[in-house]
*Asks:* 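I have a structure here, written as structure tokens, and I will follow up with some questions on it.
For reference, positions follow the sequence shown, starting with 1.
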Amino acid sequence: MGISATVVNVFCDAEGNHGNPLGIIWASASTRRQEQQIASDLGFSETVFIDDVDAHEVRARIFTPTTELPFAGHPTVGLASWLRSVGDDITSVIVPAGVARVRPDGDRVFVNAMVDWAPAFELEQLDSPADVDAVDPDAYAFGAHYVWAWSSPDRGRIRSRMFAPALGIREDEATGAAAIRLTAALGADLDIRQGTGSQIFTHRRYLGQQVEVGGRIARERTVAVH
């Protein structure tokens, strides 16, 4: 199809390691009505299609390998971070769920979202980070599950993993929307280590009705879509 995707890792650690790959594609006549197939072929947990960039706003749509989402944290943070890194002073990401405001903070970028924009997750607290590490992803045959444990409660530090067969995702490396849901449920700002070592930060806003989710991106590359 002659289409290429920019890929960045989202929610990397301070050294630029780990992170969840995100496909970023400029929408065109070649991608219209082909978004779901393209996202499935790329195989990332999410691929975002840019419909338009106007002044400080970007309008986009988000697809997992099996469905379109009205909002997701990893694509909105990744898209805003990447556009800002190439010189676009993006202050808002417009997705079907609504307008997510963007706030840069040093090497991190945050987006602000309503809690109910995030898909519903089964939040399962385990006794320790070691118990989280020991979970078998194949134990989850359906739904979307976020398993977590405190690693340092006094500092808001959490160890987590996410499994979403309902979205075509066996295990997600870093999940901004689940972090939003957990932040709202616990009523606390969080520093989350998910997957192999990805890092997600959250801040409660407006009495917990909204949550900022953010982090770092790294390792930009280009892949061809076949």
Side-chain angles (χ1 to χ4, degrees), residues 1-28 30-31 34-65 68-69 71-95 100-113 162 168-169 171-177 179 192-202 212-226:
M1 289 188 290
I3 301 168
S4 62
T6 298
V7 182
V8 295
N9 285 10
V10 186
F11 300 131
C12 299
D13 65 16
E15 287 71 45
N17 299 318
H18 308 293
N20 194 359
L22 171 69
I24 303 171
I25 296 176
W26 290 92
S28 67
S30 298
T31 66
Q34 301 298 318
E35 293 93 346
Q36 190 61 74
Q37 185 61 54
I38 293 169
S40 178
D41 290 344
L42 283 174
F44 301 128
S45 60
E46 279 121 359
T47 297
V48 62
F49 292 82
I50 302 172
D51 287 326
D52 183 50
V53 176
D54 182 14
H56 302 297
E57 296 182 338
V58 56
R59 189 178 299 272
R61 296 170 66 195
I62 301 164
F63 291 80
T64 77
E68 182 176 4
L69 296 177
F71 169 82
H74 144 252
T76 50
V77 171
L79 177 58
S81 297
W82 177 70
L83 286 172
R84 292 184 66 86
S85 76
V86 298
D88 288 306
D89 185 21
I90 295 299
T91 58
S92 297
V93 179
I94 303 172
V95 292
R101 296 190 306 279
V102 176
R103 181 178 67 86
D105 183 6
D107 63 348
R108 308 171 194 171
V109 169
F110 288 84
V111 299
N112 195 77
M162 196 281 273
I169 303 167
E171 179 170 0
D172 204 25
E173 173 60 28
T175 316
I192 300 171
R193 301 302 195 281
Q194 186 179 332
T196 60
S198 299
Q199 189 171 25
I200 305 168
F201 301 92
T202 66
E212 267 194 338
V213 60
R216 311 174 184 90
I217 66 167
R219 287 187 275 179
E220 179 181 338
R221 63 259 191 215
T222 302
V223 300
V225 178
H226 300 289

*Asks:* Between Arg103 and Glu212, is there a side-chain heavy-atom distance shorter than 4.5 Å?
*Replies:* yes

*Asks:* Look only at the side chain of Asn20 and the backbone of Val10, and say whether a donor-acceptor pair between them is shorter than 3.5 Å.
*Replies:* no

*Asks:* For Ile50 and Trp82, run side-chain contact (heavy atoms from CB on, under 4.5 Å): C-alpha distance rounded to whole Å, both residues' side-chain angles, the deciding distance at 0.1 Å, then the answer.
*Replies:* CA-CA 12 Å; Ile50 302 172; Trp82 177 70; 4.1 Å; yes

*Asks:* Are any non-hydrogen side-chain atoms of Asp105 and Phe201 less than 4.5 angstrom apart?
*Replies:* no

*Asks:* Between Arg59 (side chain only) and Asp52 (backbone N and O only), is there a donor and an acceptor less than 3.5 Å apart?
*Replies:* no

*Asks:* Would you say Arg84 and Val102 make side-chain contact, with heavy atoms under 4.5 Å?
*Replies:* yes

*Asks:* Do Thr31 side-chain atoms and Ser28 backbone N/O form a donor-acceptor pair below 3.5 Å?
*Replies:* yes

*Asks:* Is there a donor-acceptor contact under 3.5 Å from the side chain of Asp88 to the main chain of Ile90?
*Replies:* no

*Asks:* So, taking the atom named CH2 in Trp26 and the one named CG in Asp51, what distance separates them when rounded to the nearest 0.5 Å?
*Replies:*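 Answer rounded to 0.5 Å: 10.0 Å.
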
*Asks:* Which atom names give the shortest non-hydrogen contact between Gly197 and Glu173, and what distance separates them?
*Replies:* N-OE2, 3.6 Å

*Asks:* Using the ring of each side chain (for Trp, its six-membered ring), is Phe11 parallel, tilted or perpendicular to His74, with breaks at 30° and 60°?
*Replies:* tilted

*Asks:* Using only atom types and a distance under 3.5 Å, with no angle test, would you say the side chain of Gln194 pairs donor to acceptor with the backbone of Asp172?
*Replies:* yes

*Asks:* Ignoring hydrogens and angles, tell me if any N or O in the side chain of Arg219 forms a donor-acceptor pair with the backbone of Asn17 under 3.5 Å.
*Replies:* no

*Asks:* Can you tell me how far the CD1 atom of Ile94 sits from the CD atom of Glu57, to the nearest 0.5 Å?
*Replies:*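 Result: 4.0 Å between the selected atoms.
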
*Asks:* Are Val95 and Leu69 close enough that some pair of their side-chain heavy atoms sits under 4.5 Å apart?
*Replies:* no

*Asks:* Which heavy-atom pair separates Pro65 from Ser45 by the least distance, and what is that distance?
*Replies:* CD-O, 3.5 Å

*Asks:* How long is the straight-line distance from CG of Leu79 back to CD of Glu46, given to the nearest 0.5 Å?
*Replies:* 12.5 Å

*Asks:* Can you name the nearest heavy-atom pair linking Leu42 to Ala5, along with the distance?
*Replies:* CD1-CB, 4.2 Å

*Asks:* Taking the side chain as every heavy atom from C-beta outward, state whether Gln199 and Ile192 have any pair of such atoms under 4.5 Å apart.
*Replies:* no

*Asks:* As an exercise, state the distance from NE2 of His18 to SG of Cys12, rounded to the nearest 0.5 Å.
*Replies:*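 Reported to 0.5 Å precision, the distance equals 9.0 Å.
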
*Asks:* Would you mind telling me which of Ile200, Val111, Leu22 makes a side-chain contact (heavy atoms from CB on, under 4.5 Å) with Val77?
*Replies:* Val111

*Asks:* Write down the atom of Thr202, the atom of Ala179, and the distance for their closest heavy-atom approach.
*Replies:* CG2-CB, 3.9 Å

*Asks:* Using modelled atom types only, decide if a donor and an acceptor are shared between the side chain of Ser40 and the backbone of Gln36 within a distance under 3.5 Å.
*Replies:* no

*Asks:* Check Val7 against Pro21 and note the closest heavy-atom contact, atom names and distance.
*Replies:* CG1-CB, 4.1 Å

*Asks:* Evaluate the side-chain contact (heavy atoms from CB on, under 4.5 Å) criterion for residues Glu68 and Glu35: first the C-alpha distance (whole Å), next the side-chain angles of each, then the deciding distance (0.1 Å), finally the verdict.
*Replies:* CA-CA 9 Å; Glu68 182 176 4; Glu35 293 93 346; over 6 Å; no

*Asks:* Specify the closest pair of heavy atoms between Arg216 and Ala14, including all atoms of both residues, with the distance to one decimal.
*Replies:* NH1-N, 3.4 Å

*Asks:* Once you round to the nearest 0.5 Å, how far does CD of Glu171 lie from OG1 of Thr196?
*Replies:*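 Separation between the atoms: 9.0 Å.
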
